[in-house]
Amino acid sequence: MAPVPPPGRRLGPSPLRRTWLLLPLLAGIELVGLATVRARVPAEADWRGAAERVREAWRPGDAVVVAPSWAGPLLRHHLGDLLTPSDVGRSDLAGVERLWALSIRGHRPEEAPPSSPAVNQAFGRVRVLRWDLPVERVVYDFLAHVEDARVTLERGGEERDCPWRAHRSARGGGLGAGALVPGARFDCGRPALWVGLTTQETLDLEPRRCIHQRPADPGALRVTFPDVPLGGRLVLYGGLYSEDERDLEGAPTTTVVRVDGREIGRLVRHDGDGWARMEAITPGGRADVTVEVSSPNVARRSFCWAATTRPAEAR
Amino acid sequence: MIPRLRPGDHFVGALLAGGYVLLLLVASHDVAMSRDEGFYVDAANSYAGWLRLVGAPFRCDAGACRIACTEGEACRTGAPCVDGRCAAPVAMSCTTASECGVHRRELVDRFWAPNHEHPSLPKTMFALFHLADERYELFSAPSVGYRFFGMLTGGLLLWLIYVFGAQTYGRSAGLFASLAFALMPRIFYHSQLDAFDVPIALMTTLVTYAYCRAIGDWRWLPILGLCYGLALATKHNAWILPLIFLIHMAFVAATERRHRRFGGAPRVALTPYWLLAMLLIGPIVFVALWPWLWHDTLQRFGEYAGFHFGHTHYNMAYFGVNYFRAPVPMSYPWVMTVLTVSAVTLVLALIGIGARARALLPFGLEERWWPNGSVRPDPRRTDVLFLGCLLPPLVVISMPWTPIFGGTKHWFPAYPFLALFAGAGFVAVLRHALPARRGLPTAVRGWAATVGLGALFLAPAAAETAHSHPFGLSHYTYAAGGVPGAADLGMNRQFWGFTTGSLADWLNRKLPDGGTVWICDMTPRAWAMMQADGRLSRRIRSTASLVSAALALVHHEDHFAEVDFQIWEAFGTVRPVEVLTYDGVPIISVYENPRRRQR
C-alpha cells in the first residue's frame, strides 16, 4: 500500500504546492456562507410587518402575490384571510387594479409589469412592492355565476337537466386524486360527470380556479349561462388535471363557445398545452352563452375552464 | 502487502462506531418515522411473529400442529394456553410432530410474505432488536428498537472506512475519511432510520474489503462469500459487485503478470476463486436468511427481481422540473451530490483522485504517460477498486433507462469511497502543508497540522450536518445557497413525510382534546410510532378522509401541490394556520377545518 511520506517531504512539482491554501479558504467560505444563509432568513416579525402594511392599504381590486413563488404558504399564512381560492387560482390579472407583492431574497414577481413599483418598502428582510396596473375590466366572470347556469346532458337526441345540488358532501382528496369534487355542484347521474367550481392543479402544477366540465361519452354535456353581459370579447382558459395530461397520451379536447346558439370560438387543446387561452369576439348586449366540451376519447379528460367577458378594446 | 493493523486501530474504529451510534441514538428522538420506515416496521413485526415461534415445542395433536405450553403462561403465539396447547397461528395438518415447525410453508407465507420486494436481513434485524427491546427494555422509545440496527450499521461503517483507509492511505487518511463520511448530512439522517440504505452501504463496502483481502489471502474467501450473502440479503445494489470486481481484476491481473514475468513471487491469485466464493456461498446465505425463498425459490426470486427491473417511477423535482418518468437528466446524481455533501469534502476527494491518478492508470500506461510520478499502484490495485466502487452507483442512477428512485440514498454505496478519496486528498494536502522548518519536532508539527487542518476541513461538514438535523432530506449545502437557495433552484424539498415529527409539539398544543388529522405523505404506521414513542397524543388520530379531518397537512413537495388546492376547496380557505419552515422555506402547511372551529 502507498506509504504516507513523512511531513515536509516534497514529491516533485505538484499543483498542490501553492494552491492547497485555497482549501482552508474554501472551508471558511462554506462556514461563513452557511451562517449568512441562516442570518438572511426573514424573521416572523418581518412577514407580519409586511403583511400588516398590505392589510392596512388593502381595497377591492387589489391582488397580492409573493416572490419567489415557493414562499406562497407564508403569504397565505399571513394574508390568507384576504384571499379566496379564486384570487390564488386566477388565470390572469384582468380586473386587478393594484398588484401587491411580498418579496424576499431580491425576487421580483413574474406577474409584475416592467415598470418600477409605486410602493417599495422593506420590513426587515421582506419587501413590500406595489404596482398600479392599467385595468383590464371584467364585465362578467362565469366563475362567479356558476349557480345561475343550466347544465344539460344530451344523449340519444334527448336532453335532460343535471340538477344543482347545493349541499352534497365534497368528495376526494389525496395524491393523484385530482380536483376535489365540491359539495355544491350539478350532478349528471354518474360520479365523474359533474359540473361545478373547483381548484384544479394544471400541467404547470399551479392552482386554477375553474368550472369542471368533463366531456361526456355518450352524449354532450352543455353548460349555458343565461343573459350574460358580453362586452365585446370573451376570454376562456382551459386545461386538464396535470396527471391526466402529463403523459401526452390523451385525446384532444375541443371546447366550443356559443352565443345564443351561434359558435363564436373554439379551443382545441392537446396534451402538453397546459392552461391554454382562447379569445373570441362577441357581439355587444346580453345573450345566453353555452360552453360544450367534447373529446373523441373521454378517458382522463378532466377538463376545467375559466372565462370572462371583457370590453372589446383591451387596454 | 497490506500493513497489519494494530489493536489500537480497531480501538479507534470502535470509538468512532460507538460515538456515532450514541450520537444517532440521541438525534433520532427528533426524527419522526418516515413513510417507508412504517412499511418496514410492519414487515419487522410480521417477521418477529415468526421468530417468536423458532424453537417452540411443536407437537402433532389430532392431526394438527400445536405448540405446547404451560398453564398460566402466555403462549409464544400470543394465544391463551388451554389444556397445555396453544392455538397455532395458522392451521397445519400433520401425522407426526416432526412435520411441524417454522419451516412449514403455511407459517413462512403467513409471516414472511409482507414486503417481499426487499430482502430479509435488515428487517429481520429490526425485528430482533425490537424483540430484544420488548424483553429487556433496552431503548428509550419503541421506534429506537426498530431503528437500532440501522444506527449500528452506520457506526460499523465508520469503523470499516477507518480500517480500509488506514491500510490503504495511512491512519490520518482513514480517520479523516471516516469522519467525512459521518458528517455527510444525508448519511447522518439515513443512519437514524430503520431502512436499507446505510446497511447496504456498509455491506457493499464490507464485501469490497473482503474481496480486496481475498484476492491475496485464500483464508478470506469464505468470509467474502459470507459477506456477499449478507449484502445480497440486504438490498439488490449488491448484484452489481461481481461485475465491478471482474473489471478491477483485469487491472490486478495485468499488474501481477508483469510482476511475475520479472521473477516476482505471486502476490495475488489470478484464478478467480473470489468469484466462486461469491457465487457459491453468497446465494446460499441469501436464501438461508430469507425464509420466503425457502419455497418456490426460483419463482419467488423472479418475482423479487422483477419488482426492481420494472420499478415504478417516483416523482423528483430537479431544477424546477418535476420528473415523474425516466429519464431524469444524467447530471442528477452528480449535481445532487455536489449540493448535499460539503464542498471541502468533495474537493478533497477530487484532490485525492488526482493525487492517486497515476495508480489509476491501466498497467503499463503509467510508465508511458507519467514516467516520473512517485505514486505507484499496489498489487491489489486498491485505487482502481475504490474508483470502481465510487462511480457505478452514480453512473447507474444517471442512465436514462434507470427508474426514478429519487433520493441521494440510492447511491450511498458510492460515498464510503468518496470519503476514502477525501482521506487520500487530506493526506496529500498535509504533505504540502508541512514544510520542513526548524523549531518544533517533526512529529509534533505533524500532529498539530493533522489535527488542525483536519478539524478545519471537517468543520463545514460538521456545521452542515448539525444544521441539517432534524430536516436531513430537506437540507442543501452552501453550494446550493443552502435550503432557500435550493428552493430558488427548484430542487426537491423532502420526501417520505418525515418532517411531521417537527410538528408534534404544535399538534399536541393545537388539539389538546384530540381530533383527526389528514397526514398527507405520512403513513398511519409512522404516525402510530410517534404516538408509541410518546411524542404525539394518542387522541390525535390520523384519518384517510381529507374532507372531514379537523386538520390537514401538506408536505411541500411538487407533486403534492394538488393536495393544497384540494384542501382549499374542502375547507373553504387558502390560509394555513401553521407553516413549518426550515431556514425560511415552507416544509409543511397545516390547515384547520372551519367546521372544527365552529364546534
Side-chain angles (χ1 to χ4, degrees), chain A residues 1-9 11-12 14 16-17 20 23-24 26-27 29-31 33-34 37-38 40-42 68 70-74 76-77 80-81 83-85 87-89 104-105 107 169-175 177-180 182 198-201 205 207 241-242 246-247, chain B residues 2-3 167-170 172 322 324 342-344 347 351 372 374-375 378 382 427-429 431-436 442 445-446 449 456-457 459-460 463-464 467 478 481-482 484-485 487-488 546-547 556 558-563 565-566 568-570 573-576 579 583-586 589:
Chain A
M1 292 287 131
V4 181
R9 182 179 160 193
L11 297 172
S14 162
L16 271 181
R17 180 173 288 178
W20 75 268
L23 268 171
L26 178 64
I29 290 171
E30 199 171 343
L31 284 169
L34 186 62
V37 166
R38 296 179 66 181
R40 287 185 176 166
V41 172
W70 55 255
L74 292 167
R76 287 183 279 103
H77 179 56
D81 54 320
L83 303 172
T84 64
D87 297 321
V88 184
I104 58 171
R105 300 170 57 77
H107 284 264
S169 301
R171 286 193 271 117
L175 185 64
L180 195 95
T198 189
T199 305
Q200 182 147 292
E201 178 195 76
L205 307 184
Y241 165 51
S242 63
R246 67 186 191 182
D247 290 325
Chain B
I2 294 177
Q167 288 184 320
T168 309
Y169 301 129
S172 300
N322 186 53
F324 56 92
S342 162
V344 179
V347 170
I351 289 173
N372 299 321
S374 59
V375 173
D378 65 293
T382 313
V427 169
V429 169
R431 286 177 192 148
H432 294 275
L434 284 175
T442 304
R445 278 190 293 112
L456 178 61
F457 293 162
E464 300 269 19
H467 183 55
Y478 183 60
D488 283 348
L546 184 154
V547 171
H556 290 297
D558 276 3
H559 68 292
F560 278 111
E562 66 171 297
V563 172
F565 316 151
Q566 292 162 355
W568 299 350
E569 290 298 331
T573 177
V574 298
R575 181 177 177 269
V579 180
D583 280 354
V585 176
S589 289

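Lettering of chains follows the sequences in order, A, B, ..., and the numbering in each one begins at 1.
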_Let me confirm one number: the CZ-CG distance from A:Arg246 to A:Leu205, rounded to the nearest 0.5 Å._
8.5 Å
*asked:* Return the CG to CG distance between A:Leu23 and B:Leu456, rounded to the nearest 0.5 Å.
replied: 9.0 Å
*With distance as the sole test, does B:Arg575 use its side chain to make a donor-acceptor pair with the main-chain N or O of A:His77 at under 3.5 Å?*
yes
_Can you tell me which portion of A:Ile29 sits under 4.5 Å from chain B's heavy atoms? Options are side chain, backbone, both or neither._
both
_From CD (B:Gln167) to OG1 (B:Thr382), nearest 0.5 Å_ = 9.0 Å
*Do you know the tightest heavy-atom contact between B:Tyr478 and A:Gly33?*
CE1-CA, 3.3 Å
*Do B:Ser342 and A:Glu30 have a side chain donor and acceptor closer than 3.5 Å?*
yes
*Heavy-atom distance under 4.5 Å to chain B: side chain of A:Thr84, backbone, both or neither?*
backbone
_A:Tyr241 side, atom OH; A:Thr198 side, atom OG1 - distance, nearest 0.5 Å_ = 12.0 Å
*Top contributor to chain B interface from A:Arg105, A:Gln200, A:His107, A:Arg171 [non-hydrogen pairs under 4.5 Å]*: A:Arg105
*Among A:Gly178, A:Ser169, A:Gly172, A:Pro182, which residue forms the greatest number of heavy-atom pairs with chain B at distances under 4.5 Å?*
A:Gly178
*asked:* Does B:Phe324 form a side-chain contact (heavy atoms from CB on, under 4.5 Å) with A:Asp247? I'd like the steps, not just the answer.
replied: CA-CA 9 Å; B:Phe324 56 92; A:Asp247 290 325; 3.3 Å; yes
_Interface residue of largest heavy-atom contact number with chain A, from B:Ala343, B:Ala459, B:Ala570, under 4.5 Å_ = B:Ala343
*Side chain, backbone, both or neither of B:Val563 within contact of chain A (heavy atoms, under 4.5 Å)*: side chain
_Using a 4.5 angstrom heavy-atom cutoff, name the option from A:Pro24, A:Ser242, A:Ala71 with the most pairs to chain B._
A:Pro24
*Identify which of B:Gly481, B:Gly482, B:Pro484 forms the greatest number of heavy-atom pairs closer than 4.5 Å to chain A.*
B:Pro484
*Would you sort out whether A:Leu180 and B:Phe565 count as a side-chain contact (heavy atoms from CB on, under 4.5 Å), showing the intermediate values?*
CA-CA 8 Å; A:Leu180 195 95; B:Phe565 316 151; over 6 Å; no
*May I ask you to test the B:Val579-A:Arg76 pair for a side-chain heavy-atom distance under 4.5 Å?*
no
*Let me know if A:Pro42 has heavy atoms under 4.5 Å from chain B in its side chain, its backbone, both or neither.*
neither
*Given a strict heavy-atom distance threshold of 4.5 Å, which part of A:Arg40 is in contact with chain B: side chain, backbone, both, or neither?*
neither
*Part of B:His556 lying under 4.5 Å from any heavy atom of chain A*: side chain
*Structural part of B:Asn322 lying under 4.5 Å from a heavy atom of chain A*: side chain
*asked:* Out of B:Val585, B:Asn372, B:Asp488, return the one with the most heavy atom pairs under 4.5 angstrom to chain A.
replied: B:Asp488
_chain A interface, residue from B:Val574, B:Val344, B:Leu546 that has the most non-hydrogen pairs under 4.5 Å_ = B:Val574
*Among A:Gly72, A:Ala177, A:Ala179, which residue forms the greatest number of heavy-atom pairs with chain B at distances under 4.5 Å?*
A:Ala177
